[in-house]
There are 2 protein chains.
Amino acid sequence: MDQAQIELVRRFNRTVTERVGVLHDHYLGRDRPIGEARLLWEIGEHGTDVRRLRERLGLDSGYVSRLLRSLETAGLVTVEAQHDDRRVRTVRLTAEGRSERGQLDAGSDELAGSLLEPLNSAQRARLVAAMDEVERLLTAATVTLDEVDPGHPDARHCLEAYFAELSERFPTGFDPARSLLPDAGELRPPRGLFLVARLHGEPVGCAGLKLPPDAPAEIKRMWVAPGARRLGLGRRFLAELETRAAAHGRRTLRLDTNKALTPAVGLYRSSGFEEVAAFNDEPYAHHWFEKRVAVTSSPE
Amino acid sequence: MDQAQIELVRRFNRTVTERVGVLHDHYLGRDRPIGEARLLWEIGEHGTDVRRLRERLGLDSGYVSRLLRSLETAGLVTVEAQHDDRRVRTVRLTAEGRSERGQLDAGSDELAGSLLEPLNSAQRARLVAAMDEVERLLTAATVTLDEVDPGHPDARHCLEAYFAELSERFPTGFDPARSLLPDAGELRPPRGLFLVARLHGEPVGCAGLKLPPDAPAEIKRMWVAPGARRLGLGRRFLAELETRAAAHGRRTLRLDTNKALTPAVGLYRSSGFEEVAAFNDEPYAHHWFEKRVAVTSSPE
DNA sequence: TCCATTCTCTGACTCTAGTCAGAGAAATGC
DNA sequence: GCATTTCTCTGACTAGAGTCAGAGAATGGA
């Protein structure tokens, strides 16, 4: 890896942690210890059960219990057993707790403001744009692609969202019954595979690959959640599927798409796909693409 | 301040502290507690005296003493009295200490590498560029401009560096005796003023303003340290001097410069200065600039 | 019905990261 | 030469942030 890049990243880490750290202590580290503050924040407006809280923050059960006791005696939260399972306890903010949480929120705003405050408006705009870029790329780096069964809850979640989006974006709506839908078996080994992208454990995208024995590999149902767009995930799916198709000895990858999905069409073209004549009669397709892929040395 | 910008900065803070924090713990937080690690790092290759160490890290003397004792018994440092002032003690790394410090260094490199590692090379380049921008702008925001006497050590430090740079950059060299040098009194109230820019307390730039009673205000000796360039400091000096000239009731600001200082010439033009005929016979000047400034309502 | 499991809580610890008050040695000012 | 200051060190604390080993209540499954 490039040493100059490493050096720059280190400088960035140093400056950012120093500057943000100092301001963090100033605006947020005043009265309440950060353990309690984090908890207060994570409880949220509508309350949660203790178990989930513990899981999200990765804390010891005894420790959380003690923190909650302390918040309770300070009158910021109420803890009570759930009536359908009296082992599980639910935490809720009191009015006072809500106000304290609001103060934390305001402190975060002030922190952010004080980073921008000394700059003129052109510099602010540049800083914010660069922060956005850093944030997106760091987030992109934490997304994982995992092969799952198309029946997996995460896969189904993505597929439902995908169909919902199609019926919204296609001017004619989208009726699954009219489309050439692969049955689930076609996207499951050995006849295919299905990938789910996850960010912090939550599914944020999917893509399927059909591997028919007598025809080119075919990409189906590629979708990225709106909140996870602009992370280069589409391109990453394509690269991953290409590698996997090659690993299965396929030399051609193809797909069809609807003209309403403009950004997708652009993605395919810029990823080396070339438009070809219709290779199926999918009623919702306007474009058909194909790409030659390099065969890897050791197909599985 | 723009709420959308605030929101973005908050997202940035959250993502960066989370991601960098986790990796920090993973790569650097292993055996040695961070207090000791920070100290080990700050001692540096060539050793320092305890007082300076304490000052740089802002720690209690008792605490530092204890940390040093612990590092000493671990065989990582030696502490001995300075022979010219036996109250002051000097810390030096042993071979073992140097190796441990090297490991911290390597850990920092690994941390930086692991941020880049999951990305493809185009994304890496974009991330590094954005980090550089963020780093520069955050650094720029911590630079202060203070009015000081031109005889102040920080002012003299800057002026020496300035002259050294001129004699290096001018093809003919630079001989202060041949130049039209304002005497120090001209850059000191009431006949003028002198500004020093400081970053973390270190002087990183200067600019003087002459305020002759019978002629336009004139900028002299503007300089920015090489390590502090690209922070918009030149532009900030100009804006500050303009404001101050206006506050003293001046309607015109002028300056002369040498053609070897190309970036400076560009800065003046883009800051609204217009080239005019020579208004003095400074032998080192090739360009003379002037700008009309708006008079503020309440001149001091 | 009863045994295992799940969930929360309590008590008893540990380790960092400090703070504060003073003691003692060395240097400095007058 | 003596008082004052400077610099470092020691002892005695504190608070935060956890960890670990059970105990006890509720629940679920056979």
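Sequence lines set the chain letters: A, B, ... in the order given, protein chains first and strands last, and positions in each chain run from 1. Note that these values count all heavy atoms, side chains included, but never hydrogens, waters or copies made by symmetry.
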A:Arg221 and A:Glu160 ion-paired at < 4.0 Å: no

Salt-bridge criterion met for A:Arg32 and A:Glu100 (N-O under 4.0 Å): yes

Pair B:Arg69 + B:Glu72: basic N to acidic O under 4.0 Å: yes

B:Val224 to B:Arg229 - nearest heavy-atom pair and separation: O-NH2, 2.6 Å

Close approaches to DNA chain D from residues 62-77 of chain B, in residue order (heavy atom, under 4.0 Å): B:Gly62, B:Ser65, B:Arg66, B:Arg69

Salt bridge flag under 4.0 Å for residues B:Glu45 and B:Arg101: yes

Over all atoms of both residues, closest heavy-atom pair of B:Val143 and B:Ala197: CG1-CB, 3.9 Å

Nucleotide-resolved protein contact map, nucleotides 23-30 of chain C, B/S/- at heavy-atom distance under 4.0 Å: ---BS---

Sugar-phosphate only, base, or nothing, as touched by A:Arg32 at under 4.0 Å among non-hydrogen atoms: nothing

Contact summary for A:His24 and A:Leu111, nearest pair of heavy atoms: CA-CD1, 3.7 Å

d(CG, A:Leu39; P, D:dA17) in whole Å: 11 Å

Ion pair check, A:Arg89 and A:Asp49, cut-off under 4.0 Å: no

Contacts of type side-chain hydrogen bond (donor to acceptor under 3.5 Å, both in side chains), residue A:Ser108, not counting sequence neighbours: none

A:Arg19 atom CZ, over 12 foreign heavy atoms within 6.0 Å: yes

Pair B:Arg52 + B:Glu55, salt bridge at N-O below 4.0 Å: no

Those residues of residues 19-26 of chain A lying under 4.0 Å from DNA chain D by at least one heavy atom: none

Test item: A:Arg54 side-chain N/O and A:Asp60 main-chain N/O as donor-acceptor pair under 3.5 Å: no

DNA chain D contacts made by residues 41-60 of chain B, counting heavy atoms under 4.0 Å: B:Val50, B:Arg51, B:Arg54

Pairing residues for B:Arg92 by the salt bridge (charged side-chain N to carboxylate O under 4.0 Å, His left out) criterion, not counting sequence neighbours: none

